[in-house]
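Scroll down for the structure; my scribbles are underneath it.
Ligands are counted one by one from 1 in listed order, and the atoms in each one are counted from 1 as well.
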Amino acid sequence: MKIGFIGLGNMGGPMAANLAEAGHDVTGFDMAPVQIEGVTMADSAAAAASGADVVITMLPNGQILRAVASDLIPAMDKGAALVDCSTVDVDSARSVAQQAEDAGLLAVDAPVSGGVGGAAGGTLTFMAGGSDAAFAKAAPLFDIMGQKAVHCGAAGAGQAAKICNNMILGVTMIATCEAFALADKLGLDRQKMFDVVSTSSGYSWTMNAYCPAPGVGPQSPADNGYKPGFAADLMLKDLRLSQQAAESADADTPMGQLAQALYAQFVENEAGTGMDFSAMLPRFEKRHRGDA
Ligand code: NAD
């Protein structure tokens, strides 16, 4: 296939390289001067999109996606597919899909989980929203860039699945970290705490697979000085998207709201920027009941 790829950063770069390596003809564009193995660089988003069967975007946020989409949609051939893999707000995803469909294009919102390692290794999970025809067109590319793609429903359903998952993840990480900090203060050994909880009803992905306590459980960013991994800044971004969506859908999400406030405090007023999102544990360790 002829593929346009816009946004060749930490995630988009290796995803585009994997498509090129699989034999697709990939033309890329990024605002920054990047070179990706096997990818021909164009000098605008529209130029990268022109004549492509599928155009993939992997951009920082919904505002940038909307701006880039309005440049590239007029340049695309009718029947081509616009596949946005960025994590953006549900409203932007739906609005871009509508604009693409009005122009005779297929559209898919397909945010990913799996991080930079998954992008490089071609093991991402895609959660997709859009028509059956649009999903079918993108599916062979998801198979190259990832290990699993779930068609979640109509436009915006991929973003909805992503932010609901990450709202659970943020809340659960905080719960796991505050429980470790409480266990410390109660004199409970961290390994014993792990041995019990990881096989009891408090178990979770954050405890069992990504344990925030160094030296306990499988290897995780905690064993590497809390270097990300999944950065606290990105968790804050996703929690904000979840609360924006909750606001516009009139959903009551008190735990998501609190998780957003805690990650905002951690990233913006404490030492959280650039740290893994599991660095909530050393944060709680230093704190006392009633601290602001
Ligand atoms: P990044 O900042 O490394 O990459 C974004 C790229 O977009 C940059 O290279 C930037 O120059 C480019 N860009 C910005 N504005 C542009 C424009 N107008 N035209 C063309 N290019 C433009 O970010 P990333 O880590 O690759 O993340 C991309 C998306 O994937 C985000 O939405 C993020 O939330 C999501 N995501 C990231 C991870 C992760 O672990 N990094 C995991 C899952 C999802």
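One side chain, Thr253 or Gln243, offers a donor N or O that lies under 3.5 Å from an acceptor on the other. Under 3.5 Å, the side chains of Asp84 and Thr57 contain a donor-acceptor pair of N or O atoms. Counted by atom type alone, Thr172 and Thr206 present zero donor-acceptor pairs between their side chains at under 3.5 Å.
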Name every donor-acceptor pair, under 3.5 Å, that has one atom in a side chain of residues 97-105 and the other anywhere in the protein, sequence neighbours excluded.
residue	atom	partner	partner atom	Å
Gln98	NE2	Asp102	OD1	3.0

Review item, side-chain donor-acceptor pairs of residues 220-228, under 3.5 Å, at least two apart:
residue	atom	partner	partner atom	Å
Ser220	OG	Cys211	O	2.9
Ser220	OG	Ala222	N	3.4
Asp223	OD1	Gly215	N	2.6
Asp223	OD2	Ser220	N	2.9
Tyr226	OH	Pro212	O	2.6

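Listed as neighbours of ligand 1 are Ile6, Gly7, Leu8, Gly9, Asn10, Met11, Phe29, Asp30, Met31, Ala32, Met58, Leu59, Pro60, Ile64, Val68, Ser86, Thr87, Val112, Gly115, Val116, Lys162, Leu234, Lys237, each bearing a heavy atom under 4.0 Å from the ligand.
In terms of the ring pair (Phe, Tyr, Trp, His ring centres under 6.0 Å) criterion, residue partners of His151 (sequence neighbours excluded) are, by chain and number, Phe135.
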